[in-house]
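Worksheet for the structure shown next.
One-based numbering, in listed order, for ligands and for the atoms of each. These numbers come from a predicted model, not from an experiment.
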Amino acid sequence: MLSLLRDPLGLDPLELDGDYLVNRAAQRRYPIIESIPVLLEPAGLGPQNRKFQRMYDWMSYGYDFAMKVGGVFSGGKLAKLRRLLATKLALKQGDRCLYTSIGTGADVPYLAEQVPLESVELVGLDLSLNMLRRCKAKIRPYENTSLLVQANAERLPFADRTFDVVFHVGGINFFDQPAVAVREMVRVARAGALILIADETKVVVEKNYQRSPFTRAYFKDAPTDFSPRDWVPPGVCNPVYEEVWKGKGYILTFNVPVS
Ligand SMILES: C[S@@+](CC[C@H](N)C(=O)[O-])C[C@H]1O[C@@H](n2cnc3c(N)ncnc32)[C@H](O)[C@@H]1O
């Protein structure tokens with residue numbers, strides 16, 4: 001699956017050279033750390049991305065535990081929501097799919113309920129290496145058909161029209177360039193592919209993240225006037241925006257045009 005990867009700067013193919021992926025023509029080398037290719041150019045990260053990369057690197061230690069506790073307090077609603085997202089993806093055997101901001105892989109068990117994951121090619125991308133380190137355990141049973149990569153979702157290291165399904169859960173609200181990230185999702189998706197983007201609404205940012213003592217330092221200047229519908233490029237098919245979880249979450253879906 002390493003052959004799917006491209007140099008994020010210019011999208012040239014890369015060659016494997018020991019523990020590096022190499023773009024010989026441009027003389028650029030990208031390390032592979034603990035079997036995770038690091039296709040990042042730190043200078044290309046905006047201030048929000050750098051801030052949230054740091055935040056998730058330290059949050060990774062408690063992320064799964066926090067998800068478990070949150071799941072219990074939600075009375076099973078969090079699991080129901082993740083299951084709904086997995087159902088909407090309608091994954092089929094043989095699909096190649098990209099999950100941008102896969103985090104620790106909390107959605108992986110829900111995807112596995114929908115389709116045998118050994119029968120799909122799953123690429124999980126995230127900006128935080130520590131989140132990906134935790135994700136490795138969840139995808140280990142599917143390691144022959146999956147790949148984790150550290151990269152910026154605003155600059156996807158894949159050729160055009162590579163994936164049958166492209167999705168994102170959580171994170172995009174605070175990217176430096178969310179509309180660019182959505183355009184990138186469209187670029188790497190094949191004709192007709194489903195794109196799904198889900199995150200929390202601004203209600204959660206204002207009422208929870210900007211007030212909680214654990215998160216307010218990171219979120220105090222975060223934008224709360226975002227409008228996910230505005231990130232969708234013109235010309236896509238079947239755009240649907242719905243709010244779920246009593247207005248705390250949104251799900252945006254659309255298809256890439258066939259021609
Ligand atoms: C709230 S977590 C969601 C993780 C996972 N999708 C889930 O539902 O549990 C947000 C994730 O977005 C990642 N992230 C933030 N900015 C990113 C960027 N520019 N590119 C890729 N991932 C990013 C973070 O590292 C973090 O893992």
Side-chain angles (χ1 to χ4, degrees), residues 8 36-71 74 77-86 88-89 97-111 122-139 148-158 166-185 188 196-201 204-205 208-209 212 214-215 218-219 222-223 226 231 244-245 248-251:
I36 302 172
V38 177
L39 294 181
L40 257 187
E41 194 240 341
L45 290 177
Q48 287 279 106
N49 291 336
R50 279 202 298 272
K51 181 165 80 173
F52 284 99
Q53 183 186 33
R54 276 197 306 275
M55 186 185 94
Y56 282 105
D57 269 345
W58 70 256
M59 260 197 182
S60 64
Y61 298 98
Y63 189 86
D64 284 344
F65 179 70
M67 280 293 137
K68 256 191 201 144
V69 174
S74 78
K77 289 202 186 89
L78 202 53
K80 209 168 151 193
L81 192 55
R82 289 204 186 268
R83 194 160 284 126
L84 172 72
L85 296 175
K88 279 183 183 283
L89 293 173
C97 71
L98 171 66
Y99 186 166
T100 66
S101 303
I102 190 169
T104 61
D107 280 307
V108 170
Y110 299 92
L111 302 179
L122 174 66
V123 179
L125 173 146
D126 204 279
L127 191 53
S128 158
L129 188 61
N130 278 353
M131 293 291 271
L132 290 172
R133 283 185 167 120
R134 270 144 199 93
C135 189
K136 264 170 77 174
K138 304 213 188 49
I139 61 155
L148 295 178
V149 54
Q150 187 191 15
N152 181 1
E154 297 168 357
R155 193 172 265 183
L156 294 176
F158 308 104
V166 182
F167 65 107
H168 167 94
V169 182
I172 193 166
N173 290 343
F174 309 114
F175 287 5
D176 283 285
Q177 305 177 87
V180 171
V182 178
R183 277 211 303 276
E184 279 289 272
M185 293 172 86
V188 301
L196 180 150
I197 295 156
D199 205 346
E200 289 155 329
T201 58
V204 180
V205 184
N208 299 12
Y209 297 148
S212 158
F214 298 109
T215 50
Y218 281 99
F219 288 89
F226 52 84
W231 303 334
V244 289
W245 210 357
K248 290 192 221 156
Y250 68 84
I251 306 174

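Of all protein heavy atoms, the one closest to atom 9 (O) of ligand 1 is Tyr63 OH, 2.7 Å. The protein non-hydrogen atom at the shortest distance from atom 20 (N) of ligand 1 is Ala153 N, 2.9 Å. Of the protein's non-hydrogen atoms, the one nearest atom 27 (O) of ligand 1 is Asp126 OD2, 2.8 Å. Considering only non-hydrogen protein atoms, atom 19 (N) of ligand 1 sits nearest to Asn152 OD1, 2.9 Å. The nearest protein atom to atom 15 (C) of ligand 1, hydrogens excluded, is given as Phe175 CE1, 3.8 Å; this is a heavy-atom distance. The protein heavy atom nearest to atom 1 (C) of ligand 1 is Tyr56 OH, 3.1 Å. Nearest protein heavy-atom contact of atom 23 (C) of ligand 1 is Ser101 OG, 3.3 Å. Among protein heavy atoms, the minimum distance from atom 8 (O) of ligand 1 is reached at Arg82 NH1, 2.9 Å.
Under the 4.5 Å side-chain criterion, counting only non-hydrogen atoms from C-beta, Lys88 is not in contact with Phe167. Side-chain contact check for Tyr99 versus Val169: some heavy-atom pair is nearer than 4.5 Å. Residues Trp245 and Lys77 are in side-chain contact: their nearest non-hydrogen atoms beyond the backbone lie under 4.5 Å apart. Thr100 is not listed as a side-chain neighbour of Glu184, based on a closest heavy-atom distance of 4.5 Å or more.
Heavy-atom separations between Met55 and ligand 1 are all 4.0 Å or longer. Put simply, no part of Glu154 is less than 4.0 Å from ligand 1, judged by heavy atoms. Ligand 1 does not have Phe174 within reach: every non-hydrogen atom of the residue lies 4.0 Å or more from it. Distances shorter than 4.0 angstrom do not occur between any heavy atom of Thr100 and any atom of ligand 1. Contact annotation: Ala151 has at least one heavy atom less than 4.0 Å from an atom of ligand 1.
Of the polar atoms of Gly171, none of the N or O atoms is found under 3.5 Å from an N or O of ligand 1, judged by distance alone.
Donor-acceptor pairing under 3.5 Å is lacking for the side chains of Asn130 and Tyr63. Counted by atom type alone, Glu200 and Tyr250 present zero donor-acceptor pairs between their side chains at under 3.5 Å.
Taking the six-membered ring where the residue is Trp, the centroids of Phe226 and Phe175 are separated by 6.0 Å or more. Aromatic rings of Phe174 and Phe219 (six-membered ring for Trp) have centroids within the 6.0 Å cut-off, being under it.
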Decide side-chain hydrogen bond (donor to acceptor under 3.5 Å, both in side chains) for Asp57 and Ser128; before the verdict, give the C-alpha distance in whole Å, the side-chain angles of both, and the deciding distance to 0.1 Å.
CA-CA 6 Å; Asp57 269 345; Ser128 158; 2.7 Å; yes

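Close approach of ligand 1 to Asp107 is summarised as follows: ligand atoms under 4.0 Å from at least one heavy atom of the residue are 8 (O). Every atom of ligand 1 is numbered from 1 in the order shown, and the set under 4.0 Å from a heavy atom of Ile102 is 5 (C), 6 (N). Taking every heavy atom of Leu127 and a limit of under 4.0 angstrom, the matching atoms of ligand 1 come to 16 (N), 17 (C), 18 (C), 19 (N), 20 (N), 21 (C), 22 (N), 23 (C). Here is the list of ligand 1 atoms found below 4.0 Å of a heavy atom in Ser128: 25 (O). Contact atoms of ligand 1 toward Met131: 27 (O) (distance under 4.0 Å to a heavy atom of the residue). Here is the list of ligand 1 atoms found below 4.0 Å of a heavy atom in Ala106: 9 (O).
Salt bridge annotation for Lys138-Asp64: present, with a cationic side-chain nitrogen under 4.0 angstrom from a carboxylate oxygen. Of the charged side-chain nitrogens involved, at least one lies within less than 4.0 Å of a carboxylate oxygen, so that Arg155 and Glu41 count as a salt-bridged pair.
With hydrogens and angles ignored, the 3.5 Å screen pairs a side-chain donor or acceptor of Asp199 with a backbone N or O of Gly171.
Considering Gln150, Gln48, Met131 as possible partners of Gln53, the one that fulfils the side chain to side chain contact (heavy atoms under 4.5 Å, CB included) test is Gln150.
Under 4.0 Å from ligand 1, heavy atoms of Val169 appear from its side chain as well as its backbone.
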